[in-house]
Structure formats: structure tokens, C-alpha cells
Amino acid sequence: MEPYVCEGVLGAWRAFLTAHARLIEAVDHRLAEAGCVCLGTCDVLLALRDAPDHRRRMHELADHVVLSRSGLTRLVDRLEAEGLLRRERCPNDRRGAYAALTEAGERALLNAWPVYAASVADLFGSALTDHDAARLTMALDRATSNAVGERHA
């Protein structure tokens, strides 16, 4: 099997994939147990809350939450039906639209935030020192840059 990947890198890759899957599952479970919105919804609502005017263009939101455009469209459709966000037409681009956070979306996020933050701290943060977190962030940022560069090549 060519090309060769060193065992250390392959082991790190497998650990990354496993940790990602298990952590997402565990955080989502904790949110559900607490009667909160799911993790995917939290991520969309957080992205909107942190944006200027609490809204983002749909393509920016898709990039921010790492969803495909079609996956984001389905999620936004559901969140709009639930009243957690609303779509707004872009005034200077007839095909463009924004997703904007509603008051109900803000309340849902505020309700979920303590569970979300505690879950990240308990399940992920407790496994890292500050130094580990800084090194992991740098390594993952470099890997992300590699993947984004590949996508745009």
C-alpha cells in the first residue's frame, strides 16, 4: 500500500477521528439529556450570535460551522420553522440570503450554553494542559490550512 504514512501520524489520525466522533456524541447526549437544542443547532446559533448584527450570509455560515451547503440549507430550514433563526434577503444580491438569530434562538442558546460549556470543559478540556491546548490548536490549524489549500487548488 503506497504511499507510506508513518505509524505515529496514522495513530494520531485515528485518535483524532475517534475522539471527534465520541466527543460529538457525548456532548450531543448531554444536551439532549438536559432538554436543550442539539450540538449542530448550538453551533449554528453560536456562529450567528458571534457575527456582526447576529447574522451571516448562508455561504459564510456553512464555512463557519463546517457543513455542506445542502446540509446547512436543511438545518436552516428546520431552525427557521422552529423560530430559532430567520432568513433575510440580501439587499444587493437577489440570490443571496442571510441567516439571522431570533430572540427565541438567543434564548435556546442561553439555555444550552451551560451544558455545552461544561461538556467541553469536562470531556475535552480536562484532558489538556494549557500547553497541550496551544500545541493542538497550532497543529489542527496547520492541518486545516493544508485541507483548505487542497480544496482551492
Side-chain angles (χ1 to χ4, degrees), residues 12-93 95-152:
W13 173 248
R14 287 182 181 139
F16 165 74
L17 291 177
T18 301
H20 178 267
R22 298 299 178 257
L23 288 166
I24 296 297
E25 182 181 312
V27 173
D28 223 2
H29 177 76
R30 286 184 177 193
L31 287 164
E33 286 284 308
C36 300
V37 294
C38 71
L39 182 58
T41 297
C42 280
D43 285 345
V44 168
L45 298 178
L46 275 169
L48 294 176
R49 193 212 53 200
D50 292 344
D53 299 323
H54 303 298
R55 67 183 192 163
R56 289 185 190 271
R57 293 282 301 255
M58 292 291 287
H59 70 275
E60 293 167 352
L61 185 57
D63 288 344
H64 193 79
V65 297
V66 195
L67 284 173
S68 68
R69 302 221 201 254
S70 62
L72 179 67
T73 298
R74 287 189 299 275
L75 180 55
V76 165
D77 287 345
R78 189 179 51 107
L79 298 181
E80 186 175 34
E82 294 173 10
L84 302 179
L85 60 78
R86 70 179 172 279
R87 280 193 178 91
E88 298 175 351
R89 284 279 146 223
C90 182
N92 56 354
D93 179 359
R95 296 178 304 160
Y98 289 96
L101 186 63
T102 63
E103 287 183 28
E106 179 77 23
R107 283 192 306 274
L109 184 57
L110 288 173
N111 182 53
W113 181 251
V115 177
Y116 183 101
S119 297
V120 170
D122 295 345
L123 301 169
F124 185 68
S126 66
L128 301 170
T129 65
D130 288 345
H131 180 73
D132 293 336
R135 298 274 321 256
L136 181 59
T137 298
M138 287 189 308
L140 293 175
D141 284 348
R142 285 191 307 267
T144 299
S145 292
N146 291 344
V148 168
E150 180 77 14
R151 189 175 79 191
H152 295 297

(request) Answer yes or no: is there a side-chain heavy-atom contact under 4.5 Å between V37 and E82? (result) no
(request) Over all heavy atoms of both residues, which pair between L31 and C42 is shortest? Give the atoms and the distance, please. (result) CD1-SG, 4.1 Å
(message) For A47 versus H64, what's the shortest heavy-atom pair and its separation?
(response) CB-CD2, 3.1 Å
(request) Any chance you could measure C38, atom SG, to L79, atom CG, to the nearest 0.5 Å? (result) 7.5 Å
(message) Taking atom CG as the centre, does D130 end up with more than 12 heavy-atom neighbours from other residues, nucleotides or ligands that are less than 6.0 angstrom away?
(response) no
(message) Please report the interatomic distance CG(L48) to CG(D53), rounded to the nearest 0.5 Å.
(response) 11.5 Å
(request) For D77, enumerate each residue passing the salt bridge (Lys or Arg N to Asp or Glu O under 4.0 Å) test, keeping only those at least two apart in sequence or located in another chain. (result) R87
(message) Contact between E33 and V115 at the side-chain level, heavy atoms closer than 4.5 Å - yes or no?
(response) no
(request) Can you measure from OH (Y98) to CG (L61) and round to the nearest 0.5 angstrom? (result) 12.5 Å
(request) Find the distance between SG (C90) and CE (M58) and round it off to the nearest 0.5 Å. (result) 12.5 Å
(message) Is the shortest side-chain heavy-atom distance between L45 and R49 below 4.5 Å?
(response) no
(request) Measure up the F16 and H20 rings against each other and bin them: parallel (under 30°), tilted (30 to 60°), perpendicular (over 60°). (result) tilted
(message) For G96 versus R57, what's the shortest heavy-atom pair and its separation?
(response) CA-NH2, 3.6 Å
(message) Just verifying a value: how many Å separate H29 NE2 and L123 CG, rounded to the nearest 0.5 Å?
(response) 10.5 Å
(message) Any heavy-atom pair between the side chains of Y116 and L39 that's under 4.5 Å?
(response) yes
(request) Find the distance between CG (L109) and CG (L101) and round it off to the nearest 0.5 Å. (result) 7.0 Å
(message) What I want to check is whether the side chains of D132 and T129 have a donor and an acceptor closer together than 3.5 Å.
(response) yes
(request) Grab the two heavy atoms, one from V27 and one from S119, that are nearest each other, plus how far apart they are. (result) CG2-CB, 3.9 Å
(message) I need the minimum non-hydrogen distance between E88 and A100, along with the two atoms involved.
(response) OE2-CB, 3.5 Å
